[in-house]
Amino acid sequence: MHFILKYNDVFNMSTELSEQEILRREAAEQIRALGINPYPAPLYEVNAKSTEILEKFPLDNTLFQEVSIAGRIMSRRVMGAASFVVIQDSVGKIQLYVKRDEICPTEDKTMYNVVFKKLLDIGDIIGVKGYVFVTQMGETSIHVKELTVLSKSIRPLPIVKEKDGVIYDAFTNPEQRYRQRYLDLIVNPQYRNVFIQRTILVNTMRDFLNEKGYLEVETPILQPLYGGAAARPFKTYHNTLDTTLYLRIANELFLKRLIVGGYDGVYEFSKDFRNEGMDRFHNPEFTQMELYVAYKDYFWMMDIVEEMVERIALALHKTTKVQVGENIIDFKRPWKRYTMFEAIEHFTGIDISNMDEAALRETCKKLNIPTDNSMGKGKLIDEIFGETCESKLIQPTFIYDYPIEMSPLAKKHRSKEGLVERFEAVCNGKEICNAYSELNDPIDQRERFIDQLELGKRGDTESMVLDEDFLRALEYGMPPTSGLGIGIDRLAMMMTNSHSIQDVLFFPQMKPEKHNTQSTSNE
RNA sequence: GACUAAGUAGCUCAGUCGGUAGAGCACAUCCCUUUUAAGGAUGGGGUCCUGGGUUCGAAUCCCAGCUUAGUCACCA
């Protein structure tokens, strides 16, 4: 009891420490009292990794005879003067055999009897030196000759156990997993791989774009005007400038300014922010890769997307076929290409390409798609596509030629009235990218912005605002340009077969954590 | 925003009809020199999410709230 008082006083804790937390703090102090720093400063030389040893030693048992390895204690079985410990390093786990007279060759058995047996716990980080051997039970292990405390853990670790494929005490509570991702990564190390795959995905994309000679750039996140997408922004304030700033919702307009400036191709991996709903496909901050290339059109960009995504699949899976939920998706080139009208005709048997607004509305009624009077021709077409086609497009498919009303930054179609040169790639029933032949006619762009302002006046909270500086840039002349946006999180979900965006973000947005303090609201 | 489900020990979870709060692991003590879900024995550990109500008595029944998850809606 005096420990509780002591530690709650010393650490000024608002909540009482658990018995285990107190005992571990005590242990750390006792280690110190023995002249051992539980948090030593010098580097610890490591010359092997767990999985490397487990793979190579059975093939050549002369290897690893002077091994030095470090990791976190995940289990401990003390049997008198000999013990077994499992440590986990960055790649896996390996068993240690710790024998008293080996780590304490002299009369002084303190290191084993006191430090190892009494003061170390699951969760502590240690380094060991020794040689690799195989136990009588046939498990490749490290015979420890020297043990160093590297970091004392003062909070008990939830331990997941497994036998014969059965998982015991799985740490699966999604809230805890996301809030305490570090803990998730410790006790559920299989999830480390998802994030490694995400990084390989990004690196593959970056290598691909660099090989093509495009320039990776950085553009502002804090912007006086937001633009480039239809979304509600986050608003903030700069004190010195005494001005409102917005967190970017897309980087399109800045990258196009750089094309005006004379670069042939620019791209950016950008964190974008949208002040909208959250669910398993939406996090308030997310990552996009946007690419703009001069003198190209949208057909050219389809080829680039195919090539790039196919290469990503190969980099991650060594094959173009990827398991996503129930489906196996084959990213092998070439992908199917349908115009939006063709796709609708393919799935409904109805040709809407020459319909006027009234006929479209009638078609919606026939297909049981709810409409309202605010919907114009473009919106009606988009609704029909979304309801009848999108979820059925499992294998990668380009859908192109969109209604102009939905695409205020895309160039008018070279031959088809009322459409723009835009495509999306859809797979597993979800959009994975969005691209245009970019609108470079400054007069047309100004008119499109004005149309957006009208929508805003009618209460559309996601309509675009007029960006006078962007128009000024276009007025100096932008070459014909093809632009692309790929949602990195969505692509990562697909490539790692993850059910939720929270599974491909280390730290997904959560509500502020409620601390378990006394309830204060008696109102 | 709607609906459904959940909230009990550090972790994973039981808890019968409303009658003293349970298990495994973790933790402590003891035993044990090659063990395997973490060897054996013993033991400590609880704001049963919060507040109110019904009742002699509530983890359990009722009401309200909070938190979380899932699905749908909205939203690219």
Side-chain angles (χ1 to χ4, degrees), chain A residues 15-24 26-27 73-86 95-102 112 117-118 121-123 133-139 141 143 153-180 183 187-188 228-232 249-250 272 274-284 286 288 370 382 386 390 406-407 424 426 430-434 460-462 485-487 489-490 499-502 510-523:
Chain A
T15 51
E16 256 186 22
L17 294 171
S18 70
E19 181 193 26
Q20 290 186 49
E21 289 171 306
I22 292 162
L23 287 163
R24 283 166 178 248
E26 273 291 304
I73 298 176
M74 299 306 284
S75 86
R76 239 160 52 99
R77 299 180 288 283
V78 178
M79 331 268 236
S83 302
F84 293 89
V85 174
V86 173
Q95 178 171 272
L96 312 178
Y97 174 64
V98 183
K99 193 173 171 185
R100 181 178 59 203
D101 295 337
E102 286 283 347
Y112 185 86
K117 274 174 70 175
K118 305 277 181 192
D121 292 289
I122 287 172
F133 76 113
V134 178
T135 65
Q136 286 177 5
M137 298 302 288
E139 180 160 348
S141 307
H143 189 119
S153 164
I154 60 170
R155 209 177 254 275
L157 202 61
I159 291 297
V160 181
K161 297 163 288 283
E162 184 186 344
K163 190 198 185 186
D164 301 332
V166 182
I167 308 283
Y168 298 82
D169 297 348
F171 182 74
T172 52
N173 181 317
E175 186 193 356
Q176 280 184 307
R177 285 191 47 221
Y178 302 144
R179 280 196 198 283
Q180 295 183 273
L183 201 49
V187 303
N188 296 322
R232 288 160 67 188
I249 58 173
D272 293 341
R274 297 188 185 175
N275 207 340
E276 294 172 346
M278 293 162 58
D279 59 33
R280 73 187 184 94
F281 291 105
H282 298 85
N283 195 63
F286 63 101
Q288 280 205 96
D382 193 59
E390 197 162 28
M406 318 296 298
S407 313
E424 294 187 356
V426 180
K430 279 280 166 189
E431 169 207 337
I432 58 168
C433 76
N434 185 12
D460 184 343
T461 53
E462 296 178 349
I486 289 192
D489 313 284
R490 298 276 182 88
H499 178 258
S500 159
I501 197 169
Q502 295 167 309
M510 307 283 282
K511 282 191 187 178
E513 192 167 4
K514 299 280 184 214
H515 291 281
N516 291 333
T517 49
Q518 301 290 328
S519 69
T520 50
S521 57
N522 289 332
E523 295 131 81

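A, B, ... follow the sequence lines: proteins, then strands. Residue 1 opens every chain.
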**Student:** Mind checking the C1' distance from B:U71 to B:C25? Whole angstroms is fine.
**Tutor:** 33 Å
**Student:** Describe the nucleic acid contact of A:Gln288 in one word from base, sugar-phosphate, nothing, applying a heavy-atom distance below 4.0 Å.
**Tutor:** nothing
**Student:** Would you mind reading off the distance between A:Met74 atom CE and B:C25 atom P, rounded to a whole angstrom?
**Tutor:** 18 Å
**Student:** Are the side chain of A:Tyr97 and the backbone of A:Val134 linked by a donor-acceptor contact shorter than 3.5 Å?
**Tutor:** no
**Student:** Residues in side-chain contact (heavy atoms from CB on, under 4.5 Å) with A:Ser407, at least two apart?
**Tutor:** A:Tyr402, A:Ala410, A:Val420, A:Arg422
**Student:** For B:U34, give its Watson-Crick or G-U wobble partner with both distances under 3.5 Å, or none.
**Tutor:** none
**Student:** By the 4.0 Å heavy-atom rule, please label A:Glu390 as base, sugar-phosphate, or nothing.
**Tutor:** base
**Student:** For A:His499 and B:U71, is the shortest distance between a side-chain N/O and OP1 or OP2 below 4.0 Å?
**Tutor:** yes
**Student:** Can a side chain N or O of A:Arg280 be found less than 4.0 Å away from OP1 or OP2 on B:U71?
**Tutor:** yes
**Student:** Given side chains that start at C-beta, do those of A:Ile159 and A:Ile122 come closer than 4.5 Å, heavy atoms only?
**Tutor:** yes
**Student:** Is it the case that B:G45 (base atoms only) and A:Glu19 (side chain only) share a donor and an acceptor within less than 3.5 Å, ignoring hydrogens and angles?
**Tutor:** no
**Student:** Should A:Arg155 and A:Glu21 count as side-chain neighbours, where that means a heavy-atom distance under 4.5 Å?
**Tutor:** yes
**Student:** For A:Met278 and for A:Phe171, find the nucleotide of RNA chain B with the closest heavy atom, then tell me which residue's nucleotide is more 5'.
**Tutor:** A:Phe171
**Student:** Give a yes or no on whether the backbone of A:Phe171 and the side-chain of A:Arg177 come within a donor-acceptor separation of less than 3.5 Å.
**Tutor:** no
**Student:** For a quick check, tell me whether the side chain of A:Glu139 and the base of B:U35 share a donor-acceptor pair closer than 3.5 Å.
**Tutor:** no
**Student:** With both distances under 3.5 Å as the test, what is the Watson-Crick or G-U wobble partner of B:U71?
**Tutor:** B:A2
**Student:** For A:Ile122, report the nucleic acid contact type (base, sugar-phosphate, nothing); a contact means any heavy atom under 4.0 Å.
**Tutor:** base
**Student:** Side chains of A:Phe281 and A:Lys430, heavy atoms from C-beta outward: is any pair under 4.5 Å?
**Tutor:** yes
**Student:** Does the B:C75 base have a donor-acceptor partner in the side chain of A:Asp279 within less than 3.5 Å?
**Tutor:** no
**Student:** For A:Gln20 and for A:Gln502, locate the closest nucleotide of RNA chain B by heavy-atom distance; then report the residue assigned to the nucleotide nearer the 5' terminus.
**Tutor:** A:Gln20
**Student:** With a 3.5 angstrom cut-off on both distances, give the Watson-Crick or G-U wobble partner of B:U16, or none if there isn't one.
**Tutor:** none
**Student:** In whole Å, I'd like the distance from the CD1 atom of A:Ile22 to the C1' atom of B:G10.
**Tutor:** 13 Å
**Student:** Could you check whether any side-chain heavy atom of A:Gln502 comes within less than 4.5 Å of a side-chain heavy atom of A:Met278, counting everything from C-beta outward?
**Tutor:** no
**Student:** Just the rounded figure in Å: distance from P of B:A9 to CG of A:Asn173.
**Tutor:** 12 Å
**Student:** Do A:Arg76 and A:Ser83 have side chains that get closer than 4.5 Å, going by heavy atoms?
**Tutor:** no
**Student:** What protein N or O atoms touch nucleotides 29-34 of chain B N or O atoms at under 3.5 angstrom, if any, and at what distances?
**Tutor:**
from	atom 1	to	atom 2	distance (Å)
B:C30	OP2	A:Lys118	NZ	3.0
B:C32	N3	A:Val78	O	3.4
B:C32	N3	A:Gly80	N	2.7
B:C32	N4	A:Gly80	N	3.3
B:U34	O2'	A:Gln136	OE1	2.5
B:U34	O2'	A:Gln136	NE2	3.3
B:U34	O2	A:Gln136	N	2.9

**Student:** What is the nucleic acid contact for A:Gln176, judged by heavy atoms within less than 4.0 Å: base, sugar-phosphate only, or nothing?
**Tutor:** sugar-phosphate
**Student:** Given that both distances must come in under 3.5 Å, which nucleotide forms a Watson-Crick or G-U wobble pair with B:A41?
**Tutor:** B:U29
**Student:** Select base, sugar-phosphate, or nothing to describe what A:Ala230 touches, counting heavy atoms under 4.0 Å on all strands.
**Tutor:** sugar-phosphate
